[in-house]
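In this chain, residues are counted from 1 in sequence order.
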Amino acid sequence: MTTLSRSSQPGQEGRLVIVYGQELASRLLLGTALYPSPSVMAQSIRVGKAGAVTASIRRESVGKAQTSRRFWDQLLELRLPILPNTAGCQTVKEAVTTAHMAREIFNTIWIKLEVIGEQDTLQPDVFGLVEAARILNEEGFQVFPYTTEDLVVAERLLSAGCRVLMPWGAPIGSARGLNNAYGLRTLRAHFPDIPIIVDAGLGVPSHASQAMELGCDGILLNTAVAKAVDPPQMALAFSKAVEAGRLAFLSGALEPRDMAHPSSPIVGRPLLAGQ
């Protein structure tokens with residue numbers, strides 16, 4: 001199985017990403033909910049040069065056939081890879097059933113798997129997540145699990161067949177940024193060859209840049225763009241931040257230190273009179 005690859009050679013920008021055999025246009029993935037209008041959504045996705053888009057699949061939407069069909073058609077017109085998600089699902093059965101629906105609607109085996117376990121934070125139910133991931137992987141899906149930065153959970157997801165990890169930065173829609181940068185850095189160090197896409201909780205472009213500087217492979221977000229005063233401009237800002245963060249990671253950023261380190265050399269500096 002071909003998984004999302006990441007360039008780590010100095011001097012390479014690493015802008016293009018290959019996911020399950022498909023080359024994406026960028027490392028920024030955008031959601032399709034909460035925009036003021038479908039046209040603003042489409043414009044934001046185009047201006048942000050998103051590499052893929054996510055779409056929520058809900059049982060109730062199927063009953064509104066005409067409205068749903070227009071939405072699906074509009075997504076297809078973007079000519080981008082579509083990553084359906086199981087947003088709002090709270091049980092393994094519900095998530096698996098929703099994934100089956102997504103496969104039929106979009107004719108894809110990609111699925112962003114969400115199993116929510118706590119309503120105030122929308123934190124993933126990691127036990128249900130692992131179980132659902134195992135079922136779907138065995139059924140031939142290519143699963144993108146929305147998870148935490150917990151190392152043990154990550155190991156269980158990989159053992160269940162996942163080849164991509166999507167840890168949260170912070171609770172969905174909270175705009176808090178990276179609540180646990182140490183955890184993400186540790187996740188990167190423990191799984192150097194596994195693609196990591198930070199998903200949820202980012203509020204401003206600098207949050208995305210920080211995640212990319214840690215060595216993450218991509219960013220998936222929705223609310224920060226969709227609810228901005230000018231969504232297309234915010235999408236563009238995030239796109240540039242993702243590129244800047246990636247370049248910084250590949251360039252080899254300086255490690256923080258406690259003491260000052262002069263940027264001007266001491267040896268050969270002329271002495272002034274009286275020194």
Side-chain angles (χ1 to χ4, degrees), residues 4 17 19-20 22 24 27-35 41 44-45 48 50-62 68 71-72 74-76 78 80-119 121-126 128-137 139-148 157 160-174 195-202 217-227:
L4 189 157
V17 186
V19 186
Y20 296 117
Q22 292 192 51
L24 304 184
R27 295 175 181 270
L28 176 65
L29 290 73
L30 290 176
T32 55
L34 304 176
Y35 290 88
M41 176 197 74
S44 300
I45 290 170
V53 295
T54 63
S56 176
I57 305 300
R58 295 183 180 275
R59 298 180 188 180
E60 59 266 27
S61 68
V62 177
S68 297
F71 176 70
W72 309 143
Q74 187 171 45
L75 290 185
L76 294 175
L78 293 171
L80 288 173
I82 297 175
L83 176 60
N85 68 60
T86 63
C89 293
Q90 300 180 35
T91 66
V92 172
K93 181 178 180 180
E94 187 178 11
V96 170
T97 300
T98 303
H100 290 165
M101 292 170 53
R103 180 169 57 185
E104 294 180 10
I105 293 173
F106 290 111
N107 190 30
T108 180
I109 57 175
W110 280 13
I111 192 70
K112 178 192 168 188
L113 181 61
E114 296 184 26
V115 183
I116 300 302
E118 206 282 321
Q119 288 306 303
T121 62
L122 299 181
Q123 181 169 327
D125 172 0
V126 295
L129 179 68
V130 171
E131 181 180 350
R134 179 173 290 106
I135 293 171
L136 292 174
N137 278 305
E139 293 180 349
F141 282 88
Q142 293 171 338
V143 179
F144 296 67
Y146 168 60
T147 183
T148 66
L157 288 169
C162 297
R163 294 296 177 264
V164 179
L165 296 171
M166 300 187 75
W168 64 348
I172 295 172
S174 67
I196 295 176
I197 301 176
V198 174
D199 177 18
L202 306 188
D217 299 280
I219 301 294
L220 194 160
L221 55 90
N222 188 169
T223 308
V225 170
K227 301 297 286 185

Gly51 versus Pro81, closest heavy-atom pair with distance: O-CD, 3.4 Å

Interatomic distance, Lys93 atom NZ to Thr98 atom OG1 [nearest 0.5 angstrom]: 11.5 Å

Can you tell me if Arg27 uses its side chain to pair, donor with acceptor, with the backbone of Asp217 under 3.5 Å? yes

Reported CZ-to-CG distance for the pair Phe106 and Leu83, which is rounded to 0.5 angstrom: 10.0 Å

So CD of Gln142 and CG of Leu136: to nearest 0.5 Å the spacing works out to 12.0 Å

Verify side-chain contact (heavy atoms from CB on, under 4.5 Å) between Gln90 and Asp125, making sure each step is shown before the conclusion. CA-CA 8 Å; Gln90 300 180 35; Asp125 172 0; over 6 Å; no

dist Leu28:CG -> Leu220:CG (nearest 0.5 Å) comes out at 8.0 Å

Are Met41 and Leu75 packed together at the side-chain level, in the sense that at least one heavy-atom pair is separated by less than 4.5 angstrom? yes

4.5 Å side-chain heavy-atom contact, Asn222 and Tyr35: yes

Starting from the C-alpha separation in whole Å, work towards a yes-or-no answer on side-chain contact (heavy atoms from CB on, under 4.5 Å) for Leu76 and Ile82. CA-CA 8 Å; Leu76 294 175; Ile82 297 175; 3.9 Å; yes

Go through the steps for Ile116 and Tyr146 under the test side-chain contact (heavy atoms from CB on, under 4.5 Å), then give the verdict. CA-CA 9 Å; Ile116 300 302; Tyr146 168 60; 4.2 Å; yes

Is the shortest side-chain heavy-atom distance between Leu157 and Val143 below 4.5 Å? no

Option passing side-chain hydrogen bond (donor to acceptor under 3.5 Å, both in side chains) with Lys112 (candidates Thr54, Asn85, Thr86, Asp199): Asp199

Which atom names give the shortest non-hydrogen contact between Ala87 and Glu114, and what distance separates them? CA-OE1, 3.5 Å

Thr223 and Gly173: which non-hydrogen atoms are nearest, and at how many Å? OG1-CA, 3.9 Å

Take Leu29 and Ile219 through the side-chain contact (heavy atoms from CB on, under 4.5 Å) test and state the conclusion after the steps. CA-CA 6 Å; Leu29 290 73; Ile219 301 294; over 6 Å; no

What pair of heavy atoms forms the shortest contact from Ala160 to Asn137, and how long is it? O-ND2, 3.2 Å

Taking atom CG of Leu113 and atom CG of Leu129, what is their separation to the nearest 0.5 Å? 5.0 Å

To check you understand the geometry: which heavy-atom pair defines the closest contact between Pro145 and Val164, and what is its length? CD-O, 3.0 Å

So OG1 of Thr147 and CE of Met166: to nearest 0.5 Å the spacing works out to 11.0 Å

Please report the closest heavy-atom contact between Leu80 and Ala50, naming both atoms and the distance. CD2-O, 3.5 Å

Quick one: are Pro171 and Leu122 in side-chain contact, heavy atoms under 4.5 Å? no

Do Leu165 and Ile197 have side-chain heavy atoms sitting under 4.5 Å apart? no

